[in-house]
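Written out below as structure tokens is the structure these notes cover.
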Amino acid sequence: MHLRVRHLILLLLGASLLLWQPFAAAQDSPATESDAAEYMIYQYPGMTLVVVIDVREAAFTARINGPEGALVTEAGVPARRVGPVYQYIGPVDLPRQLMVAVRPEQAVERSRISMKLLQFPSRDPNAQRQARAYSLLARGLQRVRQAASAIWAERIQTLRNAAGAFAAMGNEEMQLWSDYYAAHLALHGIGDVLLSREQAQSVQAAARRAGQATIQMLATQLEAESRMAEAGRSTEEMAEKQLDRVHPLWEEVAVMAEVLGLDSERGAALYRDGMAYEQQGRLDSAIERYEQALAVLGPGTDQEMLNAVRATAAAAYERSGSASGALGLLEDITGNLTARGEAAMALELAHNLFEKGRLLNDTFRYTEAEAVLERALEVRKRHVDLPEWGPTGLELGRARFALGELDAAARILAEALPLTPRSLTDERYRALGSLAEIAREQARHGEAAQYRERQERVAGDHRLAEYLFESALDARARGDTAPAMGLFRESANAA
């Protein structure tokens, strides 16, 4: 009977592929979040359907609509990038046409989207037994729009029930997928690091025995993620122990991902290992891991992940004193974002242009900084939905002030200050000081005094000597010799 059902499923699968193939073949361009890949299938009376969807190394949601666009079911697993997602469609009395919309969260080639259709006749008891197990699995993977602990707990229990149902039928692979997804939601749904880790370790061992390499890799990855999450909640000593245990896990994930041909997952494992080293303060080891991740990730992999690694590595390079290394990575990010289209990537593009301009300022390359920051400011102003452009304006004013473009610097600094968060005290202090100095150079002493007064409010004790020295220069420029000498003495005492 099992063999007969299997042959029936394969036969119906072939027929169903003929129904949706024209839709899939006509769409070879990248799918984006606003451009779902759509497929048409038919459901015949008395037939239970299970749609199996996978988008290789990319998060996605899948929605099935019936006649007149009525929602039949919707699936989505938080933080899932590898592994099939199952959708269950119960039997109907009348034939109907269904539309399956697969919506990746990033642009992917259609060749990375795979689909299978399983069909189970209602009159076959064995087939319906399998269908009930799949219904439990699909229920656990349904999309949750309003997350709550009770909902996630119900999903996890449903997945464990699915694992039990598959185990009773001897379907070890589907049992492992169900158990893995239960462990996955324990971490990414309710945030239970201990439960997730315990279940992930159990799945690892079982998948290793069963030769299910993909599930084994995912379970190892999940254990590493749970340990990093626990480290973030622990005391320094306990965090150090968890992070020490993470390194061999990420190394194992990277090796398995390479064998499976999952380059993005391999790069992500190396990247996450670098982040673990950075949490431990081992900056050299972190940079080495970031460089290894960048060597793996390339044009054909996840570009958002690639830019995230570049940005993290750039910050690490800057902290290690290598501004040139940071600038090179930011240049790569900017070029990649520009090529992908400014409108869709405006926030990330503006941020990376700003960071590049700031680093150029820090390394006294003011002419280059001015050009980069002018472009960053243009992007910020063109897209009104982006956060305020004040910090970008202050950096641009800093470059212009250093280049001697005093009037242009004063204009942009004065415009940018009201749009800059008060929490950015260093940037506000420097901008107010530049405005006071410009006013002093142009003999507008009243304005200089006003700016200096505002600067005093954000100076703080650690800047007192510098502030008093500049105030002494202001007094001398006004011709107030005695007060100037007194301020010079106060500055020397405060230094």
Side-chain angles (χ1 to χ4, degrees), residues 31-41 43 48-90 92 96-108 112-115 117 131-163 177-193 195-196 199 218 221-222 225-226 229 302 304-305 308 344 347 385:
T32 67
E33 189 171 3
S34 59
D35 178 25
E38 294 188 333
Y39 306 84
M40 183 176 69
I41 60 176
Q43 183 178 21
T48 298
L49 304 183
V50 174
V51 182
V52 187
I53 304 170
D54 196 356
V55 181
R56 186 179 175 87
E57 297 188 280
F60 72 93
T61 57
R63 181 185 178 98
I64 299 178
N65 290 332
E68 300 181 357
L71 177 64
V72 176
T73 184
E74 187 174 23
V77 182
R80 173 235 152 265
R81 288 174 47 83
V82 174
V85 170
Y86 297 81
Q87 291 182 285
Y88 173 87
I89 306 168
V92 291
R96 61 177 177 173
Q97 176 181 299
L98 301 171
M99 293 300 298
V100 182
V102 181
R103 196 176 299 276
E105 291 185 5
Q106 66 195 64
V108 299
R112 288 169 59 184
I113 302 174
S114 65
M115 297 182 62
L117 182 66
R132 282 192 291 274
Y134 278 107
S135 73
L136 292 170
L137 173 56
R139 167 72 180 171
L141 303 182
Q142 282 183 341
R143 188 176 186 182
V144 174
R145 290 189 174 273
Q146 294 183 334
S149 296
I151 294 176
W152 290 123
E154 184 269 335
R155 294 285 195 269
I156 292 167
Q157 186 56 51
T158 300
L159 287 165
R160 301 198 65 175
N161 291 342
W177 276 119
S178 302
D179 277 332
Y180 163 72
Y181 277 124
H184 181 93
L185 292 185
L187 179 63
H188 295 289
I190 61 176
D192 190 329
V193 295
L195 175 62
S196 176
Q199 292 183 350
L218 291 172
Q221 181 184 75
L222 188 60
E225 289 173 343
S226 69
D302 185 339
E304 290 183 16
M305 182 187 298
L347 177 59
D385 57 326

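From a predicted model like this one, the values you see are computed outputs, not experimental measurements.
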Worksheet entry | Worked check of side chain to side chain contact (heavy atoms under 4.5 Å, CB included) between Leu141 and Tyr86 | CA-CA 7 Å; Leu141 303 182; Tyr86 297 81; 4.2 Å; yes
What distance do [X] atom [atom1] and [Y] atom [atom2] have between them, rounded to the nearest 0.5 Å?
X: Ile64; Y: Gln43; atom1: CD1; atom2: CD; value: 9.5 Å
X: Asn161; Y: Leu136; atom1: CG; atom2: CG; value: 6.0 Å
X: Thr48; Y: Ile89; atom1: OG1; atom2: CD1; value: 9.5 Å
X: Asn65; Y: Gln97; atom1: CG; atom2: CD; value: 11.5 Å

Return the minimal non-hydrogen interatomic distance between [X] and [Y], and the atom names on each side.
X: Ala182; Y: Leu159; value: N-CD1, 3.7 Å
X: Leu137; Y: Ser178; value: CD1-OG, 3.7 Å
X: Ser196; Y: Ser226; value: OG-CB, 4.4 Å
X: Pro104; Y: Phe60; value: CA-CB, 3.8 Å
X: Ala79; Y: His188; value: CB-ND1, 3.5 Å
X: Leu98; Y: Gly66; value: CD2-CA, 3.7 Å

Do [X] and [Y] make a side-chain contact, defined as non-hydrogen atoms from C-beta onward lying under 4.5 Å apart?
X: Leu185; Y: Ile190; result: no
X: Arg63; Y: Leu71; result: yes
X: Val100; Y: Met115; result: yes
X: Tyr88; Y: Thr73; result: no
X: Asp54; Y: Val85; result: no
X: Glu74; Y: Arg145; result: yes
X: Ser114; Y: Ile53; result: no
X: Tyr39; Y: Val102; result: yes

Is there a donor-acceptor pair closer than 3.5 Å between any side-chain N or O of [X] and the backbone N or O of [Y]?
X: Gln87; Y: Ala62; value: yes
X: Arg112; Y: Arg56; value: yes
X: Arg81; Y: Glu57; value: yes
X: Thr158; Y: Glu154; value: yes
X: Ser135; Y: Arg132; value: yes

Worksheet entry | Trace of the side-chain hydrogen bond (donor to acceptor under 3.5 Å, both in side chains) decision for Gln157 with Arg160 | CA-CA 5 Å; Gln157 186 56 51; Arg160 301 198 65 175; 5.7 Å; no
Fill in: Ile41 vs Leu117, side chain to side chain contact (heavy atoms under 4.5 Å, CB included): CA-CA, chis, key distance, verdict
CA-CA 9 Å; Ile41 60 176; Leu117 182 66; 4.3 Å; yes
Practice prompt. Check the angle between the aromatic planes of Tyr181 and His184 and answer parallel, tilted or perpendicular using the 30° and 60° thresholds.
Written response: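 Tyr181 and His184: perpendicular rings.
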Worksheet item: So Leu187 and Val193, side chain to side chain contact (heavy atoms under 4.5 Å, CB included) or not? Walk me through it.
Response: CA-CA 6 Å; Leu187 179 63; Val193 295; 3.8 Å; yes
